[in-house]
Novice: 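Take this structure first; my questions come after.
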Protein chains: 2
Amino acid sequence: MVESRRGASARAPRTNFESASHRIVLGDCVAEMSKLQAGSVDLVFADPPYNLQLKGDLKRPDESHVDAVNDDWDKFDSFSAYDDFTRAWLLAARRAMKPSATIWVIGSYHNIFRVGAIMQDLGFWLLNDIVWRKTNPMPNFRGRRFTNAHETMIWAARDEKAKGYTFNYEALKAANEDVQARSDWLIPLCTGEERLKGADGKKVHPTQKPEGLLARVLLSSSRPGDLVIDPFNGTGTTGAVAKRLGRSYIGFERDKAYGKAAEMRIAAVEPLPEDSLAPFMTAREAPRVAFSELIERGMIMPGTKLFDAKKKLGALVRADGAIMLGDKVGSIHRMGAVAQGSAACNGWTFWHVETKKGLKLIDELRAEIRAGMAAE
Amino acid sequence: MVESRRGASARAPRTNFESASHRIVLGDCVAEMSKLQAGSVDLVFADPPYNLQLKGDLKRPDESHVDAVNDDWDKFDSFSAYDDFTRAWLLAARRAMKPSATIWVIGSYHNIFRVGAIMQDLGFWLLNDIVWRKTNPMPNFRGRRFTNAHETMIWAARDEKAKGYTFNYEALKAANEDVQARSDWLIPLCTGEERLKGADGKKVHPTQKPEGLLARVLLSSSRPGDLVIDPFNGTGTTGAVAKRLGRSYIGFERDKAYGKAAEMRIAAVEPLPEDSLAPFMTAREAPRVAFSELIERGMIMPGTKLFDAKKKLGALVRADGAIMLGDKVGSIHRMGAVAQGSAACNGWTFWHVETKKGLKLIDELRAEIRAGMAAE
DNA sequence: TTCTGCGGTGAATCTTTGT
DNA sequence: AACAAAGATTCACCGCAGA
């Protein structure tokens with residue numbers, strides 16, 4: 001298992017990677033989610049009905065018919081009915097979420113504002129709104145508006161005070177030219193081979209999301225072994241990507257045909273090798289090392305001096321793990337702050353010891369200890 | 001002239017172009033907008049307080065202080081108080097709008113969902129949500145979220161049944177390489193010379209919007225001679241752009257200092273010659289491509305290996321877009337540097353994938369994506 | 001004159017752990 | 001629950017000083 005000690009101890013145990021399970025529950029998502037154990041879910045992804053309220057038919061300039069979303073499940077009598085529906089499923093999802101869990105909801109301008117406001121009213125704490133920019137959106141045939149070239153996802157924690165949610169910052173950054181990931185993502189629509197088609201050759205579901213989108217969602221905010229749920233399973237894109245990425249999955253679906261198609265789809269997915277999924281060992285999750293351990297291990301002797309990078313300042317190492325700068329005594333951090341005249345300082349990356357080869361950062365000594373811990 | 005024919009014939013005569021006027025009304029925007037003649041306004045642009053609710057300080061990694069929005073006008077006691085405020089100014093604006101007028105409201109995830117839901121509840125008919133993608137957003141300093149790299153604008157008509165609103169479709173398309181204008185706009189922040197500074201050299205207003213953003217708004221949804229109003233005038237960006245583009249303007253502002261600065265700014269603006277109000281062109285830059293996009297598009301599968309030119313080294317591709325060389329994990333660039341023992345490396349021109357025809361540089365795969373993007 | 005390096009900064013709901 | 005301490009963390013662009 002590739003778990004950081006800190007990460008592993010700070011959270012409830014995960015589902016074992018090898019035993020990851022994937023299932024679809026047929027039925028109403030509110031009723032069925034309420035049967036889950038409260039506080040058992042790591043991540044929720046939801047693609048609820050958009051309440052498009054389309055009137056009449058839409059035709060292309062060449063008079064061909066546009067196959068729009070026109071299903072019963074997308075019809076609501078009023079904003080109020082849609083709001084009630086939204087509150088109900090959000091509450092059921094929230095109950096199932098661990099305190100450290102997060103939730104993603106995707107929508108368009110037809111529904112996302114209502115969803116977002118209700119999420120705030122229910123106490124969810126918004127972390128980001130993410131824009132899915134489509135490389136190949138459907139054009140605006142009438143020429144009366146801007147091409148609707150994006151959808152919006154809301155990423156939120158369960159509560160304002162929620163701590164310890166998963167955000168794989170370093171991995172995202174490494175995958176993005178070493179700059180941090182932004183809130184706008186450019187991803188193509190789900191087309192071609194990936195698009196599920198029925199025996200009649202027609203698309204199974206009108207709003208199937210691209211796996212690339214779900215992959216980025218799961219890779220950014222969940223870890224292998226996590227339990228991911230989707231209240232609106234549809235064709236099971238979330239489940240397929242979850243399985244591929246070593247996450248467990250429960251999808252909820254009212255429509256038997258969708259559920260059947262999704263089950264077959266997910267069953268055919270081959271999980272990626274575990275070592276291609278292992279989380280980074282990040283600085284944030286690396287085990288803590290006390291400065292006194294360097295002394296206990298004999299890497300630094302009491303009475304030696306620590307220097308800043310320019311060797312203008314020298315601080316005396318005390319046997320108890322504090323250091324003395326002039327007549328002041330304190331931690332490596334506090335004394336680093338004093339030395340710089342700043343409010344805070346990471347002493348590990350400020351102080352050096354003198355070696356035959358010149359100054360050596362004490363953070364390198366810490367790294368040696370950590371390497372030894374990993375090898376144990 | 002850049003006018004759609006359709007737009008020109010469909011409505012009442014406009015204010016004469018030469019007599020365009022520009023003024024700022026000091027006072028509460030709800031009270032003052034209520035004094036306008038009902039149904040007299042062609043376009044509303046509103047940049048209301050975002051209700052950021054910032055708590056403590058934020059410092060950059062270098063310990064410098066982030067100068068955040070901390071003004072009284074952005075403070076509300078609760079969501080409910082903010083909603084009441086929002087309803088009040090939206091209703092006052094709506095009363096002043098012509099039946100064919102449209103309204104733009106800009107916000108961030110802190111407030112835009114509430115604003116959008118209230119607009120729907122009040123009967124506005126949403127036409128688009130537009131994403132302002134910032135080329136140079138402030139980074140996320142703590143690494144706990146995605147960089148908040150965009151803001152959202154809602155563009156709406158007064159009613160569902162409203163006909164004949166202005167949308168300069170042909171001009172926008174001509175200005176955009178002859179393809180329809182999309183709902184995502186890439187525009188830099190307001191910085192440098194354009195940013196209004198006081199005698200102390202500090203920014204006059206914490207949230208001054210770039211003129212490029214307002215120019216695109218006005219060029220897309222108004223015509224020369226139109227009356228444009230802004231309930232939250234601030235430093236008068238809307239007014240300055242309106243004057244330059246031959247539109248009339250009324251701005252409402254509570255703060256006398258903002259009002260004064262805006263008046264001077266607008267007075268200094270020289271309107272463009274009437275016949276030069278041409279559509280504007282945006283240069284397309286070579287888009288940045290993330291390595292993870294190759295995975296998302298299925299061009300490289302997680303678990304496959306990347307090789308150097310001599311095929312002496314192999315690195316494993318991880319699902320998250322990082323690669324693993326030996327026991328080290330990092331970006332294609334970092335691992336290229338490690339492989340070469342150098343400080344830096346362009347991973348795109350270092351790593352290869354194996355194909356039936358031999359090794360293929362991953363930079364070629366990137367070129368394929370860029371070619372597709374250019375063809376959009 | 002042109003180039004380079006450094007400092008400043010932008011609507012930000014920006015940590016985690018132990019006492 | 002409040003507090004203190006440890007310690008992790010930034011991208012694009014602009015202006016200016018100095019070479």
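Scope of the values below: all heavy atoms of this structure, side chains included, with no hydrogens, waters or symmetry mates. Chain naming here is simple, since letters A, B, ... match the order of the sequence lines and numbering starts at 1 in each.
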Novice: Between C:dT1 and D:dG18, how far is it from one C1' atom to the other, in whole Å?
Specialist: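 Rounded to whole Å, the distance is 14 Å.
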Novice: What does B:V69 touch in the nucleic acid at a heavy-atom separation under 4.0 angstrom: a base, only the sugar-phosphate, or nothing?
Specialist: base
Novice: When we call it a touch if two heavy atoms are under 4.0 Å apart, what does B:K202 touch: a base, just sugar-phosphate, or nothing?
Specialist: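 Touches nothing.
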Novice: Under a cut-off of 3.5 Å for both distances of each Watson-Crick or G-U pair, what dot-bracket string does DNA chain D give, using [ ] for crossing pairs and | for inter-strand pairs?
Specialist: .|||||....|||||||||
Novice: Report which part of the nucleic acid B:G107 touches: base, sugar-phosphate, or nothing (heavy-atom distance under 4.0 Å, all strands).
Specialist: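 It contacts nothing in the nucleic acid.
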Novice: With a non-hydrogen cut-off below 4.0 angstrom, is A:R334 in contact with a base, only sugar-phosphate, or nothing?
Specialist: nothing
Novice: Remember a base hit wins even if backbone is also touched, and classify B:P210 as base, sugar-phosphate or nothing at under 4.0 Å, heavy atoms.
Specialist: nothing
Novice: Would you classify A:L127 as touching base, sugar-phosphate or nothing, given that sugar-phosphate means primed atoms plus P, OP1 and OP2, and contacts are heavy atoms under 4.0 Å?
Specialist: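 A:L127: no heavy atom of the nucleic acid under 4.0 Å.
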Novice: Any side-chain N or O of A:S331 under 4.0 Å from OP1/OP2 of D:dA6?
Specialist: yes
Novice: Please verify the inter-ring angle class for B:W104 with B:W155; under 30° counts as parallel, over 60° as perpendicular, anything in between as tilted.
Specialist: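 Parallel: the ring planes of B:W104 and B:W155 meet at under 30°.
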Novice: For B:K209, which residues count as a side-chain contact (heavy atoms from CB on, under 4.5 Å) partner, sequence neighbours excluded?
Specialist: B:D47, B:Y50, B:I106, B:W132, B:E151, B:T207, B:L213, B:L214
Novice: Less than 3.5 Å between a donor and an acceptor, one on the side chain of B:K209 and one on the base of C:dA11, is that the case here?
Specialist: yes
Novice: Under 4.0 Å between any heavy atoms, over every strand shown, what does A:E177 touch: base, sugar-phosphate, or nothing? Just pick one.
Specialist: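 Nothing, no nucleic acid heavy atom in range.
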Novice: Please determine if a side-chain N or O atom of B:K59 lies less than 4.0 Å away from the OP1 or OP2 oxygen of D:dT9.
Specialist: no
Novice: Can A:D308 and A:K310 be counted as an ion pair, charged N to O under 4.0 angstrom?
Specialist: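 Salt bridge absent between A:D308 and A:K310.
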Novice: So what does B:P137 hit on the nucleic acid, given a heavy-atom distance under 4.0 Å: a base, only sugar-phosphate, or nothing?
Specialist: base
Novice: Applying a 4.0 Å non-hydrogen cut-off, can you work out what B:R145 is touching in the nucleic acid: base, sugar-phosphate, or nothing?
Specialist: base
Novice: Side chain of B:R142, heavy atoms from C-beta onward: which of C:dA11, C:dT15, D:dC11 has the nearest atom to it?
Specialist: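 My answer, after comparing the listed nucleotides, is C:dT15.
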Novice: With sugar-phosphate meaning primed atoms plus P, OP1 and OP2, does B:T207 contact a base, only sugar-phosphate, or nothing at under 4.0 Å between heavy atoms?
Specialist: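 The residue B:T207 makes base contact.
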Novice: B:N136 has a side chain; which of D:dA12, C:dA12, D:dG7 sits nearest to it?
Specialist: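 In terms of side-chain proximity for B:N136, the closest of D:dA12, C:dA12, D:dG7 is D:dA12.
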Novice: Report yes or no: is the cationic atom of A:R133 (NZ for Lys, CZ for Arg) closer than 6.0 Å to the six-membered ring centre of A:W185, at no more than 45° off its axis?
Specialist: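 Judged by the rule (NZ or CZ under 6.0 Å from the ring centre, within 45° of its axis), A:R133 is not positioned above A:W185.
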Novice: Could you measure between the two C1' atoms, the one in C:dC14 and the one in C:dG10, and give it in whole Å?
Specialist: 15 Å
Novice: Measure from NZ or CZ of A:R158 to the centre of the six-membered ring of A:F124, then state whether that distance is under 6.0 Å and the direction lies within 45° of the axis.
Specialist: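 No; the conditions do not both hold, so A:R158 does not lie above the ring face of A:F124.
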Novice: Strictly below 4.0 Å: does A:Y165 bring a side-chain N or O up to OP1 or OP2 of C:dC14?
Specialist: no
Novice: Of all heavy-atom pairs between B:V204 and B:G198, which one has the smallest distance, and what is that distance?
Specialist: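 Heavy atoms of B:V204 and B:G198 come nearest at CG2-N, 3.6 Å.
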Novice: Between C:dT16, D:dG7, C:dC14, spot the one nearest the side chain of A:W348, thanks.
Specialist: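 Nearest listed nucleotide: D:dG7.
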Novice: Base, sugar-phosphate alone, or nothing: which one does B:D67 contact when heavy atoms must sit under 4.0 Å apart?
Specialist: sugar-phosphate
Novice: Which nucleotide, D:dC11, D:dA6, D:dC14, lies nearest any side-chain atom of A:H333?
Specialist: D:dA6
Novice: Can you identify which nucleotide, out of D:dC14, C:dA11, D:dG7, has its nearest atom closest to the A:N346 side chain?
Specialist: D:dG7
Novice: Here's one to test your reading of the geometry: is the NZ or CZ of B:R145 within 45 degrees of the ring axis of A:Y169 and under 6.0 Å from its centre?
Specialist: no
Novice: Ignoring hydrogens and geometry, is there a side-chain-to-backbone donor-acceptor pair from A:N346 to A:W348 under 3.5 Å?
Specialist: yes
Novice: Applying salt bridge (Lys or Arg N to Asp or Glu O under 4.0 Å) to A:K98 and A:D42, what does each step give before you reach the verdict?
Specialist: CA-CA 6 Å; A:K98 290 182 183 172; A:D42 294 293; 2.7 Å; yes
Novice: Just to be sure I understand the rule, does B:K55 reach a base, reach only the sugar-phosphate, or reach nothing, if contact means heavy atoms closer than 4.0 Å?
Specialist: nothing
Novice: Counting heavy atoms from C-beta on, name the nucleotide in C:dA12, C:dA11, D:dG7 closest to the side chain of B:A68.
Specialist: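 Of the candidates, C:dA12 comes closest.
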Novice: CZ of B:R60 versus C1' of C:dA12: gap in Å, rounded?
Specialist: 11 Å
Novice: Classify A:T349 by what it touches in the nucleic acid, base, sugar-phosphate, or nothing, heavy-atom distance under 4.0 Å.
Specialist: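 A:T349: no heavy atom of the nucleic acid under 4.0 Å.
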Novice: Check whether any side-chain N or O of A:K163 sits under 4.0 Å from OP1 or OP2 of C:dT17, and answer yes or no.
Specialist: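 For C:dT17, OP1/OP2 do not have a side-chain N/O of A:K163 under 4.0 Å.
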